[in-house]
There are 2 protein chains.
Amino acid sequence: MNIQTFSKLTNVSAHTIRYYEKIGVLKSIERDSNGHRYFTSKDIDWVSFVKRLKDMGMPLDNIKQYADLREKGESTSELRKQLLQEHALAVEKKIAIESLHLKNIREKIGFYEKIINNNLKG
Amino acid sequence: MNIQTFSKLTNVSAHTIRYYEKIGVLKSIERDSNGHRYFTSKDIDWVSFVKRLKDMGMPLDNIKQYADLREKGESTSELRKQLLQEHALAVEKKIAIESLHLKNIREKIGFYEKIINNNLKG
DNA sequence: CTAATACTTAGAGCTAACTCTAAGTCAACC
DNA sequence: GGTTGACTTAGAGTTAGCTCTAAGTATTAG
């Protein structure tokens, strides 16, 4: 498929796709006789995975590292696993912190409810 | 206290504190006869709250809105409560999404473990 | 009195992650 | 055969949130 179709299927703009290729997050994208990129379903899988990592707050730099390892083949499985494990831990911490903040905000909301109730009464 | 002391106590750089004042996130910071800012414990409380909102992913623009309402006094309590409630909901959604992603990543890690075990076995 | 230090301001610079522009090539339709 | 439209590239521009610089004033220490 061409870049437009790929862009629609992945929900990533053509600009961003070229950018990802430039910085090495997308690798070995093939070209046709015109020099136009063409994409396969494997590329869709990879971009979906990249999006997941991004959504979890992994910077593109780290994602690129992962992509570099992936390119080197199966011997890097252990390293890639480690990268994911480190990130999973970081996400767990983030969720824990956010939950704590959420609790604090809920308390603040409770505080506002008291004020508002008192105003209504008094 | 002066900006350096305040910076140390809040863990926010003096540059950032001036920036926050400039964009309206910090308001009514008083000045001494030299025109130097001086801060009180109330300012510490407010900056701590700002940091909490930021840590939960609220953009400075929204925090400024909140600060604007706060400046107008108690009549804006209901609006501020609403702002917080909206954000609390957004954070809940974010946590839910991150938890789902985490689950997916854990699956991927399990997949790597299988590959690595198979390789060891031969 | 001079040097060091803390503050002031306006505004430039930085980083991440895009996002867009300009200039150009190439194929396809009428 | 011209023009429309999709693609190409290098590189500039954008946004958020800082972060730093330059130029200047005021206080303090020796």
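Since the structure is predicted, the reported quantities are computational estimates derived from the model, not experimental observations. To find a chain, count down the sequence lines: A is the first, B the second, and so on, and within it residues start at 1.
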d(CG, A:Asp55; P, C:dA17) in whole Å = 13 Å
Could you check how far CD of A:Glu21 sits from C1' of C:dA17, rounded to whole Å?
-> 17 Å
For B:Asn34 and for A:Leu60, locate the closest nucleotide of DNA chain C by heavy-atom distance; then report the residue assigned to the nucleotide nearer the 5' terminus.
-> B:Asn34
Between D:dG11 atom P and A:Arg18 atom CZ, what is the distance in whole Å?
-> 16 Å
Rounded distance (Å) that lies between atom C1' of C:dT8 and atom CG of B:Asp32 = 11 Å
When B:Asn34 is tested against each of B:Arg37, B:Arg31, B:His36 for side chain to side chain contact (heavy atoms under 4.5 Å, CB included), which residue passes?
-> B:His36
If you check the A:Arg37 side chain, which of D:dT8, C:dT8, C:dG11 turns out closest?
-> D:dT8
Rounded to whole angstrom units, what separation is found between the CD1 atom of A:Ile63 and the P atom of C:dA16?
-> 13 Å
Among the nucleotides D:dT27, D:dC7, C:dC7, whichever has the atom closest to the side chain of B:His36 is C:dC7
Among D:dC18, C:dA6, D:dC7, which nucleotide sits nearest the side chain of B:Gln4?
-> C:dA6
Closest to side chain of A:Asn2, choosing from D:dG11, C:dA17, D:dC7 | D:dC7
Only one of B:Ile44, B:Thr40, B:Asp43 clears side chain to side chain contact (heavy atoms under 4.5 Å, CB included) with B:Met1; which?
-> B:Ile44
Have a look at B:Tyr38 and say if it touches a base, only the backbone sugar-phosphate, or nothing, with a 4.0 Å heavy-atom cut-off.
-> nothing
B:Arg80 versus B:Glu74, closest heavy-atom pair with distance = NH2-CA, 4.1 Å
Length of the NZ-P vector between A:Lys22 and C:dA17, whole Å = 15 Å
For the side chain of B:Lys54, starting at C-beta, report the closest nucleotide among C:dA17, D:dC18, D:dC7.
-> D:dC18
Within less than 4.0 Å of OP1 or OP2 of D:dA16, is there a side-chain N or O belonging to B:Tyr19?
-> no
A:Trp46 and A:Tyr66 aromatic ring geometry - parallel, tilted or perpendicular at 30°/60° bounds = parallel
To the nearest angstrom, how far is A:Lys8 atom NZ from D:dA6 atom P?
-> 8 Å
Provide, to the nearest angstrom, the distance between the CD1 atom belonging to B:Ile17 and the C1' atom belonging to C:dC7.
-> 13 Å
Would you classify A:Ile23 as touching base, sugar-phosphate or nothing, given that sugar-phosphate means primed atoms plus P, OP1 and OP2, and contacts are heavy atoms under 4.0 Å?
-> nothing
So, is A:Arg31 close to the C:dC26 phosphate, meaning a side-chain N or O under 4.0 Å from OP1 or OP2?
-> no
What's the shortest heavy-atom distance between B:Ile115 and A:Ser77, and which atoms?
-> CG2-OG, 3.9 Å
Quick note, A:Thr16 side chain, CB onward, closest among D:dT8, C:dT19, C:dA27 is C:dT19
Which sits closer to the 5' end of DNA chain D, B:His15 or B:Asp61, going by the nucleotide each is nearest to?
-> B:Asp61
